[in-house]
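Have a look at the structure that comes next, please.
As the structure is a prediction and not an experimental result, all values here were calculated from the model.
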Amino acid sequence: MRRFIRTSVVLGLLGVAAPALAQEVVVTGQRRGAYLNAETNQSSSRPIINLRRTADFAVQTVHVIGDTREEDKRQEEIYAMVRGAIELADKHGVELSTGDYIVEPLTLANYKSLILGSGGRSDTNVANFLVKAKLTAGMDAKTALDRITKFVKAVPPVGRAEIEMLGSLTLSVINPDQYRAQITDLIVADAAATAAKFGPDYGVQATGLDRPVEWARASLTEVFLYLPAAYTVLPKRR
């Protein structure tokens, strides 16, 4: 008797269409914290079935801070230093971006759109952005951080403006949904193997396969990519 996988969503193993634009996302933890189980409506931990892979970039938050007394001059110095950072990025093998969650390139065309926040005093402003080092095969976190640190030190100050690194190194992934088919294959294989242990009269009912791909940090350079899915082994209907 041929085994089957019966799902509560239409699989066809064709996956769900990916977004038209490939988005890059910052990985600081799980995408939504603990995911919500569709059956129990209760929070649960990350599913054990996941795709572990090297992230696309190591990411470091930095800011340019300036405290020149005259506001117009202060902002001019900050933006000039950001521009200098953009112009140096290629030489140092890094990329600059903006965004807390969805990442977008920081370029000479848009850098003046950076919002200048308060530096904690009335005569201080800051501009936050991201410095990224592409993670290539065999590259560790220290190498990535050293590259970013060397770049930050190379950015020349302008007036009273200076650049500083904030927090610790994190990661980013480009278009997590592109890995949907691979993740689904892992779930299907695990479900089929589990059902087989119960004999030919059992199949699987799965939920959550229509949800967006989620992510969590796995190591200093790796991420877990997964679907908030679950399956139940059930007797086949006759």
| Met139 and Thr221: CA distance, side-chain angles, deciding distance, side-chain contact (heavy atoms from CB on, under 4.5 Å) verdict | CA-CA 8 Å; Met139 186 174 179; Thr221 58; over 6 Å; no
| query | Please, which pairs that meet salt bridge (Lys or Arg N to Asp or Glu O under 4.0 Å) have at least one residue in residues 80-92, sequence neighbours excluded? | reply |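 Qualifying pairs: Arg83-Glu87.
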| Can you find a heavy atom in the side chain of Leu234 that is under 4.5 Å from one in the side chain of Arg237? |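 Heavy-atom side-chain distance check fails, nothing below 4.5 Å.
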| task | Taking ring-ring contact (aromatic ring centres under 6.0 Å, His included) as the test, write out the residues that go with His92, two or more places apart. | result |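 Residues passing ring-ring contact (aromatic ring centres under 6.0 Å, His included) with His92: Phe151.
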| Are Leu106 and Val158 co-members of a hydrophobic cluster defined by side-chain heavy atoms under 4.5 Å apart? |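 Linked within one cluster.
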| Mind checking whether Arg180 and Leu227 have side chains closer than 4.5 Å, heavy atoms only? |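 A side-chain contact under 4.5 Å exists here.
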| Approximate separation, where rounding is to 0.5 Å, of Leu225 CG and Gln178 CD |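 One finds 9.0 Å between CG of Leu225 and CD of Gln178.
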| Other than Ile65, which residues form its hydrophobic cluster under the rule that side-chain heavy atoms must be closer than 4.5 Å? |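 Same cluster as Ile65: Val126.
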| Heavy-atom pair with the smallest gap, counting every atom of Lys134 and Arg147 |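 Result for this residue pair: O-NH1, 4.3 Å.
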| field | Which atom of Pro228 lies closest to which atom of Arg211, heavy atoms considered | value |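 Shortest heavy-atom separation between Pro228 and Arg211 comes out as CG-CB, 3.5 Å.
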| field | For Ser97 against Phe129, the heavy-atom pair lying closest together | value |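 It is O-CB, 3.4 Å.
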| query | Is there side-chain contact between Thr149 and Val152, with heavy atoms separated by less than 4.5 Å? | reply |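 No, side chains not in contact.
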| For Asp140, side chain to side chain contact (heavy atoms under 4.5 Å, CB included) partners two or more places apart |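 Checked Asp140 against side chain to side chain contact (heavy atoms under 4.5 Å, CB included); matches are Lys142, Thr143.
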| Which atoms form the tightest heavy-atom contact between Ala141 and Leu220, and what is the distance? |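 For Ala141 versus Leu220, the nearest heavy atoms are CB-CB, 3.8 Å.
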| query | To the nearest 0.5 Å, how far apart are CZ in Phe224 and CH2 in Trp215? | reply |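 CH2 of Trp215 is found 15.5 Å from CZ of Phe224.
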| Where do Thr232 and Val204 land on the side-chain contact (heavy atoms from CB on, under 4.5 Å) test, with the steps shown first? | CA-CA 6 Å; Thr232 304; Val204 175; over 6 Å; no
| message | Quick check on the hydrophobic clustering: are Met165 and Val103 connected, directly or via other members, by side-chain heavy-atom contacts under 4.5 Å? | response |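 Each belongs to a different hydrophobic cluster.
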| field | Results of side chain to side chain contact (heavy atoms under 4.5 Å, CB included) for Thr194 - residues two or more places apart only | value |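 Thr194 satisfies side chain to side chain contact (heavy atoms under 4.5 Å, CB included) with Asp190, Phe198, Tyr231, Val233 once adjacent residues are dropped.
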| Donor-acceptor pair, side chain of Arg121 and main chain of Asp123, under 3.5 angstrom |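 Pair absent, no side-chain N/O of Arg121 close to backbone of Asp123.
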| Can you get from Leu96 to Leu166 by hopping between Ile, Leu, Val, Met, Phe, Trp and Tyr side chains that sit under 4.5 Å apart? |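 No, Leu96 does not connect to Leu166 through the hydrophobic network.
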| request: Side-chain contact test, heavy atoms from C-beta onward, threshold under 4.5 Å: evaluate it for Pro157 versus Ile163 and give yes or no. | output: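 Side-chain contact under 4.5 Å: no.
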| task | Verify the cluster assignment for Met81 and Ile115: are they in a single hydrophobic cluster under the rule of side-chain heavy atoms below 4.5 Å apart? | result |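 No, it is not one cluster - the side chains of Met81 and Ile115 are not joined through contacts under 4.5 Å.
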| request: Only one of Glu77, Arg74, Gln75 passes side chain to side chain donor-acceptor pair (under 3.5 Å) with Thr68; say which it is. | output: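 By the side chain to side chain donor-acceptor pair (under 3.5 Å) criterion, Thr68 pairs with just one of Glu77, Arg74, Gln75: Glu77.
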| field | Worked check of side-chain contact (heavy atoms from CB on, under 4.5 Å) between Tyr79 and Leu114 | value | CA-CA 9 Å; Tyr79 281 125; Leu114 281 177; 4.3 Å; yes
| query | Under the 3.5 angstrom rule, does the side chain of Asp201 hit a backbone N or O of Pro235 as a donor-acceptor pair? | reply |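 Not at all, since once roles are kept as given, no pair shorter than 3.5 Å links the two residues.
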| message | Does anything in residues 151-170 form a salt bridge (Lys or Arg N to Asp or Glu O under 4.0 Å)? List the pairs, not counting sequence neighbours. | response |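 Only Asp67-Arg160 qualify under salt bridge (Lys or Arg N to Asp or Glu O under 4.0 Å).
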| query | Taking the side chain as C-beta and beyond, is there a heavy-atom pair between Val59 and Val131 under 4.5 Å? | reply |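 Side-chain contact under 4.5 Å: no.
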| query | Within a strict 4.5 Å, meaning less than it, do heavy atoms of the Ile183 and Val213 side chains meet? | reply |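 They are in contact (side-chain heavy atoms under 4.5 Å apart), so the answer is yes.
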| field | Pair listing, salt bridge (Lys or Arg N to Asp or Glu O under 4.0 Å) test, anchored in residues 165-175, at least two apart | value |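 As it turns out, there is no salt bridge (Lys or Arg N to Asp or Glu O under 4.0 Å) pair with a partner in residues 165-175 once direct neighbours are skipped.
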| query | Taking only residues two or more places apart in sequence, or in another chain, which ones meet Ala58 in a side chain to side chain contact (heavy atoms under 4.5 Å, CB included)? | reply |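 Listed in chain order: Leu135, Ala144, Leu169.
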| query | Distance from Thr184 atom OG1 to Leu186 atom CG, nearest 0.5 Å? | reply |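 Rounded to the nearest 0.5 Å, the OG1-CG separation comes out at 8.5 Å.
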| query | salt bridge (charged side-chain N to carboxylate O under 4.0 Å, His left out) with Glu76: which residues, sequence neighbours excluded? | reply |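 None.
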Which atom pairs, donor and acceptor, lie under 3.5 Å between side-chain atoms of residues 47-56 and protein residues at least two apart or in another chain?
unit_1: Asn50; atom_1: ND2; unit_2: Pro47; atom_2: O; d: 3.3
unit_1: Asn50; atom_1: ND2; unit_2: Ile48; atom_2: O; d: 3.2
unit_1: Arg52; atom_1: NE; unit_2: Glu222; atom_2: OE1; d: 2.9
unit_1: Arg52; atom_1: NH2; unit_2: Glu222; atom_2: OE1; d: 2.8
unit_1: Arg53; atom_1: NE; unit_2: Tyr179; atom_2: OH; d: 3.3
unit_1: Arg53; atom_1: NH1; unit_2: Tyr179; atom_2: OH; d: 3.3
unit_1: Arg53; atom_1: NH2; unit_2: Tyr179; atom_2: OH; d: 3.2
unit_1: Asp56; atom_1: OD2; unit_2: Ile174; atom_2: N; d: 2.7

| message | So which atom in Leu88 and which in Pro156 form the shortest heavy-atom distance, rounded to 0.1 Å? | response |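 Between these two residues, the closest heavy atoms are CD1-CD, 3.8 Å.
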| field | Any pair counted as salt bridge (Lys or Arg N to Asp or Glu O under 4.0 Å), so long as it reaches residues 94-119, sequence neighbours left out | value |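 Non-adjacent pairs meeting salt bridge (Lys or Arg N to Asp or Glu O under 4.0 Å): Glu95-Lys132.
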| said: Can you list everything that forms a salt bridge (charged side-chain N to carboxylate O under 4.0 Å, His left out) with Lys73? Sequence neighbours excluded, please. | reply: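 Expected list: none.
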| request: Taking atom types as modelled, find out whether Glu24 and Ser172 have a side-chain donor-acceptor pair closer than 3.5 angstrom. | output: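 Indeed, the side chains of Glu24 and Ser172 share at least one donor-acceptor pair under 3.5 Å.
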| request: Could you tell me the separation between the CD1 atom of Ile102 and the CD atom of Gln23, rounded to the nearest 0.5 Å? | output: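 Interatomic distance, Ile102 CD1 to Gln23 CD, rounded to 0.5 Å: 4.0 Å.
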| field | Candidate list Val94, Val26, Thr170, Val62, test side-chain contact (heavy atoms from CB on, under 4.5 Å), partner Leu130, passing option | value |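 That would be Val26.
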| query | Is the closest side-chain heavy-atom distance between Tyr111 and Ile86 below 4.5 Å? | reply |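 Contact flag for Tyr111/Ile86 side chains = yes.
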| If you look at every heavy atom in Pro105 and Asn110, which pair is closest and at what distance? |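 Pro105 and Asn110 have their closest heavy atoms at O-ND2, 3.0 Å.
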| task | Check whether any side-chain heavy atom of Ile78 sits under 4.5 Å from a side-chain heavy atom of Leu116, and report yes or no. | result |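 Yes - at least one pair of side-chain heavy atoms lies under 4.5 Å apart.
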